[in-house]
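Lettering of chains follows the sequences in order, A, B, ..., and the numbering in each one begins at 1. As the structure is a computational prediction, the values presented were derived from the model and not from experiment. Computed from heavy atoms alone, side chains included, the values below leave out hydrogens, waters and symmetry copies.
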Amino acid sequence: MTDETMFLKFKDEVETVLADAFDSTEYSADDLRIEESAHADLASSLSFGLASTYRQNPATIANRIADAIIIPADSLIGDVQVAGAYINFFVSKKFLECTIRETFGAKESYGAGHREGRVIIEHTSANPNGPLHVGHIRNSVIGDTLARILKKAGYEVEVQYYVNDMGRQVAIVAWALDRFEFDGGKKTDHAIADVYIRANQELGEDPDLVCEIDSMMQEIELGDEGMIDRFSRVTLLAIDGITTTLARMNVHHDQFVHESQFVRNGDVASLLQELDHRGLVEMIDGALTVPMPEFDKDLVVRRSDQTSLYVTRDLAYHRWKAERCDSMIDVLGADHKLISSQLCHVLAAYGVMEPKIVIFEFVSLPEGSMSTRAGKFISADELLDQIEKQALQEVTKRRPDADAGFRDRVAREVGVGAVRYDIVKVSPEKATTFDWESALDFDKLGAPFIQYSHARACSIIRKAPHVPELAEIDLSLLMSDAEIAFVKQLARFSFVIDTAATELKPHIVAIYARELAESFNQFYRLSPVLTAPDELLRDARIGLVECARVALSNVLDVLGIAAPESM
RNA sequence: GGGCUCGUGGCUUAGCCAGGAUAUAGCGCCGGCCUUCUAAGCCGGACGUCCCGGGUUCGAAUCCCGGCGAGUCCGCCA
């Protein structure tokens, strides 16, 4: 119970006093119907439900229950009020003071939860046939933010990139490298895309060439050394470029797992054998197949030419992962919905832990869907270049006298932050369309607003004559509406993290970050800090600004966005 | 054709799974606020059949059924 956040402790107390109130009334209910509310810190609508059972007016019931509520001394509940049929609960002064105490000086531990367990999260895992485009990075941003949220919540997290180094498209690139010139002057992943696109054109024009790819696939499956080298070369070049792009965006993986390892170490063969032993597979038209009437689509796990498929290797990968963690998360594009359900279905039949699948819908271009193969995409590098260029203009406009190094650094931090925030703020099930105008519109991008609030807090702290110790601060002075509202927002932080970690919804942290910054800006407007009427009040407010700095830098960090001290 | 997802002011979007009190926020629009801690800010205003039609309920943006529209999947590709 001591591990719980201030907000959850408050909720516990509300539940307790409400349940206790039943003892002295005629009422009882299983569901207390406690919810967050715009009208109170927590509210209960349970009298609506009791109205029909007891044949009384809900407002009457609410009043009787509220009258029976006894708030213990030293409670986190400050007040209970009835509004219509609602019973509204408000936090106490103690709640506010404890929140400030917990936040002040908390540094990077702020908001940390106490969840336990080892989680492997897989994200991005784009095929090594070109650079990341603006659709792939939705995967990266969601995955990386989720990883940060899970770490904050207390889990031990390992982030993996599953490298599809045996697939058909790698074969195509390897084949293409023998026929077309590789542009050594370009970033490697972009140069790979060039030959891949050209190869696909050629293969489309002359379908007879496809058998060359097929035979390459057979050789790699059989472990032909020369072919392994050719495939590895492609994979390395592409992944090298991809990780450079990811690093630009503050996205990092702990491990790159190559699917080929599961073929070479025999895991795929043993998996197929095991599926056979358990009677899960049938031979259909020479291909080893898991019948799946429930999906209206059978799952082929070995081609008639004996080669394995992506899903076969993926099954082996998941079996391997399952032994190394307590929970797995896969971040996948909507096109993987069916295949990932089928994968889970096989794992379940096999008795292997299933991954939790986080699906995000597609990012398309105004002219239609993106395709690496057809060369129809906007690369992440291109977007980052443009947004940093735009950000530099914005910084220069506002800080014309600052030196170039400062402006470049802020432009980078603001640019990357803008891209990340713009992606993560939208819930994953929403399909989006990329367009340059809105992607580069700094008036509508959310991250700079939050970063600016943090910089503002830093600026005030910098100018403060001295930053008081917690013990020096008279917390009872921070009781204006804006101050109270802000402290309540501070108290929500770990609750928001925990909810986001449990529901695997990074966007709720993005929304909270904006609300936190908004709330701090209100305080800034209404409560002069450095020019406060007296020193005690000034120090108390500096203390609150310090809390803002801690909270904002932490929430930005969870979002993978830099928190500049000045901008 | 079947499966899955989405449909909220001009545009983008929260809330929907666990139904409740005036539907969230941003952009854009209109009007204010810098000799005052960073105006990448703040305040005020206009703008809504929560896609449509039924149903369940004291109560539906939220749940159920049926439509309509958009996206996506339905390869021995990944």
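Put simply, the side chain of A:His39 and the base of B:U22 share a donor and an acceptor less than 3.5 Å apart. Side-chain N/O atoms of A:Ser52 and base N/O atoms of B:C58 include no donor-acceptor pair closer than 3.5 Å. Between the side chain of A:Ser37 and the base of B:A21, a donor-acceptor pair under 3.5 Å is found. A donor N or O paired with an acceptor N or O is found under 3.5 Å between the base of B:A18 and the side-chain atoms of A:Glu503.
Remark: B:C6 base-pairs with B:G69; criterion is Watson-Crick or G-U wobble with both hydrogen-bond distances under 3.5 Å. Using N1 to N3 plus N6-O4 or O6-N4 for Watson-Crick, or N1-O2 and O6-N3 for G-U wobble, each under 3.5 Å, B:U24 pairs with nothing. In this entry B:C50 has no Watson-Crick or G-U wobble partner, no candidate having both defining distances under 3.5 Å. Using the Watson-Crick or G-U wobble rule with both distances under 3.5 Å, B:G44 pairs with B:C30.
As rounded to whole Å, 20 Å separates atom P of B:U24 from atom CG of A:Leu516. Rounded to an integer number of Å, the gap from A:Leu445 CG to B:C27 P is 11 Å. To the nearest angstrom, C1' of B:C16 lies 11 Å from NE2 of A:His507. Atom CG of A:Leu46 and atom P of B:G59 are 19 Å apart (whole Å). Atom CZ of A:Arg373 is separated from atom C1' of B:C77 by 8 Å (rounded to the nearest Å). If you take CE of A:Met166 and P of B:C76, they are 18 Å apart, rounded to a whole angstrom. Whole-Å rounding puts the A:Tyr421 OH to B:G26 P distance at 11 Å. The CG-C1' distance, from A:Asp298 to B:C73, rounds to 16 Å in whole Å.
With P as the reference atom, B:U36 and B:A21 are 44 Å apart, rounded to whole Å. For the C1' atom pair drawn from B:A25 and B:G48, the interatomic distance equals 15 Å after rounding to whole Å. If you take atom C1' in B:C27 and the same atom in B:C47, they sit 14 Å apart, rounded to whole Å. Spacing of P atoms, B:G10 relative to B:U57, comes out at 34 Å, to the nearest Å. Distance noted for atom P between B:G45 and B:C50: 22 Å (whole Å). Nucleotides B:C51 and B:U62 have their C1' atoms positioned 15 Å apart, rounded to a whole Å. Rounded to a whole angstrom, the distance from the C1' atom of B:G3 to that of B:U22 is 40 Å. Separation of the P atoms belonging to B:A46 and B:C4 is 42 Å when rounded to the nearest angstrom.
Nucleic acid contact class of A:Ala43 (heavy atoms, under 4.0 Å, all strands): base. Across all strands shown, A:Asp314 has no heavy atoms under 4.0 Å from either base or sugar-phosphate atoms. A:Ala51 comes within 4.0 angstrom of nothing in the nucleic acid, heavy atoms only. As judged by a 4.0 angstrom heavy-atom cut-off over every strand, A:Arg538 is placed among residues making no nucleic acid contact. Counting non-hydrogen atoms under 4.0 angstrom, A:Asp165 reaches nothing in the nucleic acid. A:Arg302 comes within 4.0 angstrom of no nucleic acid atom, judged by non-hydrogen atoms across all strands. Among the heavy atoms of the strands lying under 4.0 Å from A:Ile339 is at least one base atom, whether or not backbone atoms are also near.
Side chain of A:Thr235 to main chain of A:Phe231: a donor-acceptor pair is present (N/O by atom type, distance under 3.5 Å, no hydrogens or angles). Without hydrogens or angle criteria, A:Arg407 side chain to A:Ala402 main chain gives a donor-acceptor distance under 3.5 Å. Between the side chain of A:Glu259 and the main chain of A:Asp165, a donor-acceptor pair closer than 3.5 Å is present. Not one N or O on the side chain of A:Thr531 forms a donor-acceptor pair closer than 3.5 Å with the backbone of A:Pro528. With hydrogens and angles ignored, the 3.5 Å screen pairs no side-chain donor or acceptor of A:Ser527 with any backbone N or O of A:Tyr524. No side-chain donor-acceptor contact under 3.5 Å links A:Arg138 to the backbone of A:Val363. Remark: the backbone N or O of A:Gln56 is not paired with any side-chain donor or acceptor of A:Thr60 at under 3.5 angstrom. Panel note: side chain A:Arg492, backbone A:Leu516; no donor-acceptor pair is recorded below 3.5 Å.
Base orientation of B:C4: anti, the glycosidic angle falling outside 90° of 0.
Nearer the 5' end of RNA chain B, as judged by each residue's closest nucleotide, is the contact made by A:Gly49, out of A:Gly368 and A:Gly49. Nearest-nucleotide mapping onto RNA chain B: of A:Ser369 and A:Ile284, the residue sitting toward the 5' end is A:Ser369.
In this structure, A:Arg168 does not reach the B:C76 phosphate: none of its side-chain N or O atoms is under 4.0 Å from OP1 or OP2. One finds a side-chain N or O of A:Lys430 lying less than 4.0 angstrom from the OP1 or OP2 phosphate oxygen of B:G7. Side-chain N/O atoms of A:Ser427 include one lying less than 4.0 angstrom from OP1 or OP2 on B:A14.
Side-chain contact, A:Tyr421 with A:Gln451: no donor N or O sits under 3.5 Å from an acceptor N or O. Counted by atom type alone, A:Asn129 and A:Arg373 present zero donor-acceptor pairs between their side chains at under 3.5 Å.
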**Request:** Take nucleotides 30-42 of chain B nucleotide by nucleotide from the 5' end and write B, S or -, depending on whether a protein heavy atom sits under 4.0 Å from the base, only from the sugar-phosphate, or from neither.
**Result:** -------BBSBSS
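Residue A:Ala83 has its side chain nearest to B:A21 when only B:C76, B:A21, B:C73 are considered. Listed nucleotides B:C76, B:C77, B:C6 differ in distance to A:Lys297; the shortest reach to its side chain belongs to B:C76.
Ring orientation note: the planes of A:Phe377 and A:His133 are tilted relative to one another, at an angle of 30° to 60°.
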